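Note that the structure is a prediction, hence the values are computed from the model and not measured.
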Amino acid sequence: MPTQNLSAEERARRIKVILFDVDGVLTDGGIWIFPAPAPSHTTAAQAQEMESKGGYAIHSANMVEAKGFHAHDGSGISLARLGGMKCGIITKRISETVALRARDLRLEFVYMGQAFKMQAVREIMEKESISLEQIAYVGDDVIDLPVMREVGLSIAVANARKQVKDAAHYITPNPGGHGAGRDAVEFILEAKGILHEVIEKYIDERNPIAKSMDIGQGGM
């Protein structure tokens, strides 16, 4: 069956990798600036490296960028792994806060400073030996459109821009930063027919696999 004729559920059954935008998807889009020590060398070095590539970040020596994340999305990452999928983020901004959250969630793919997100997608495809049809992407703004128009399953959060919703195969019930990432994961697992099974694995104290996949302390 031609891909364009597939339903969202049929597309979801093929997914092996779920990729998320950060601002407006895993957060509510708010960006908080606080007086603080300079960013770590790692983040500062990445900001300098990406400056000519379209990414942007705070370069101030006395300010730091903070964001708020939702615990339900963290649980969703664990559920996705138990369902046999890998997860990652692709974002234009460069942020130590995002790097910390990515490490906490043990994400397999972390791409910051990405002005043209399909470049990261192509790299992931090569690393994992997968096709576009096996990738889902969750976005909220027009920078996400090039990826959403190409991948197998495009998902827009409930408060995404109209252009993004128009390009999506599925729209989450919840807005970005309020469990939309979890909505995306559960939709895919439900389409695969394994959501209930995965949840039971996750809450089974006898299951060592669930414990080994748990995210960092305080992430739930």
Side-chain angles (χ1 to χ4, degrees), residues 18-81 86-117 119-120 124 137-145 147-148 155-161 164 172-185 213-220:
I18 309 175
L19 302 173
F20 303 88
D21 178 36
V22 176
D23 296 303
V25 172
L26 296 182
T27 79
D28 65 4
I31 299 172
W32 307 313
I33 307 298
F34 295 106
S40 73
H41 174 73
T42 301
T43 302
Q46 186 174 18
Q48 184 177 13
E49 177 186 348
M50 292 296 177
E51 186 174 16
S52 62
K53 300 180 181 180
Y56 52 95
I58 295 173
H59 295 270
S60 171
N62 58 5
M63 303 287 261
V64 68
E65 178 179 296
K67 307 172 190 286
F69 297 92
H70 202 292
H72 288 183
D73 293 336
S75 301
I77 298 299
S78 293
L79 294 176
R81 286 209 188 87
K86 294 183 178 181
C87 300
I89 57 172
I90 307 177
T91 177
K92 186 172 183 179
R93 295 189 71 83
I94 301 166
S95 167
E96 182 66 18
T97 303
V98 172
L100 287 169
R101 184 58 169 161
R103 289 194 291 270
D104 186 41
L105 297 176
R106 303 178 189 177
L107 295 177
E108 286 86 359
F109 312 106
V110 180
Y111 289 85
M112 294 193 288
Q114 303 294 310
F116 301 101
K117 297 186 178 185
Q119 295 175 358
I124 291 169
Y137 183 86
V138 189
D140 73 307
D141 210 342
V142 293
I143 193 174
D144 301 312
L145 287 175
V147 176
M148 296 181 70
I155 299 176
V157 298
N159 59 331
R161 308 305 298 182
V164 175
T172 65
N174 291 298
H178 295 276
R182 175 70 167 274
D183 292 339
V185 170
M213 289 185 174
D214 230 356
I215 62 175
Q217 294 295 320
M220 304 301 291

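Between Ile155 and Ala184, the shortest heavy-atom contact is CD1-CB, 3.7 Å. For Gly139 against Ala160, the heavy-atom pair with the smallest separation is O-CB, 4.2 Å. In terms of heavy-atom proximity, Pro173 sits nearest to Ala158 at O-CB, 3.7 Å. What you find for Thr172 and Val157 is that their closest heavy atoms are OG1-CA, 3.2 Å.
The shortest distance between side-chain heavy atoms of Asp104 and Phe69 does not fall below 4.5 Å. In this structure, Val110 and Arg103 have side chains that are not in contact, with every pair of non-hydrogen atoms separated by 4.5 Å or more. The shortest distance between side-chain heavy atoms of Ile31 and Arg93 falls below 4.5 Å. When side chains are defined from C-beta on, Thr97 does not count as touching Trp32, because their heavy atoms never get closer than 4.5 Å. When side chains are defined from C-beta on, Ile90 does not count as touching Val147, because their heavy atoms never get closer than 4.5 Å.
Atoms NE2 and OG1, on His178 and Thr27 in that order, are 9.0 Å from each other to the nearest 0.5 Å. Between the CD1 atom in Ile143 and the CZ atom in Phe116 there is a gap of 8.0 Å [rounded to 0.5 Å]. With rounding to the nearest 0.5 Å, the separation of OG in Ser95 from CG in Leu100 is 8.0 Å. Taking CG of Leu26 as the start and CG of Asp73 as the end, the distance is 5.5 Å to the nearest 0.5 Å. To the nearest 0.5 angstrom, Arg182 atom CZ is 10.5 Å from Ile77 atom CD1.
Every residue two or more places apart in sequence or in another chain that forms a ring pair (Phe, Tyr, Trp, His ring centres under 6.0 Å) with His72 is listed here: His70. For Glu108, the side chain to side chain donor-acceptor pair (under 3.5 Å) partners two or more places apart in sequence, or in a different chain, are Arg81. With sequence neighbours excluded, the residues forming a side-chain contact (heavy atoms from CB on, under 4.5 Å) with Arg161 are Asp141, Gln163, Val164, listed by chain and number. The salt bridge (Lys or Arg N to Asp or Glu O under 4.0 Å) search around Asp23 returns Lys67, not counting sequence neighbours. Under the side-chain contact (heavy atoms from CB on, under 4.5 Å) criterion, Asp21 pairs with Val25, Thr91, Lys117, Tyr137, Asp140, Asp144, not counting sequence neighbours.
In this structure, the side chain of Asn159 does not engage the main chain of Pro175 through any donor-acceptor pair within 3.5 Å.
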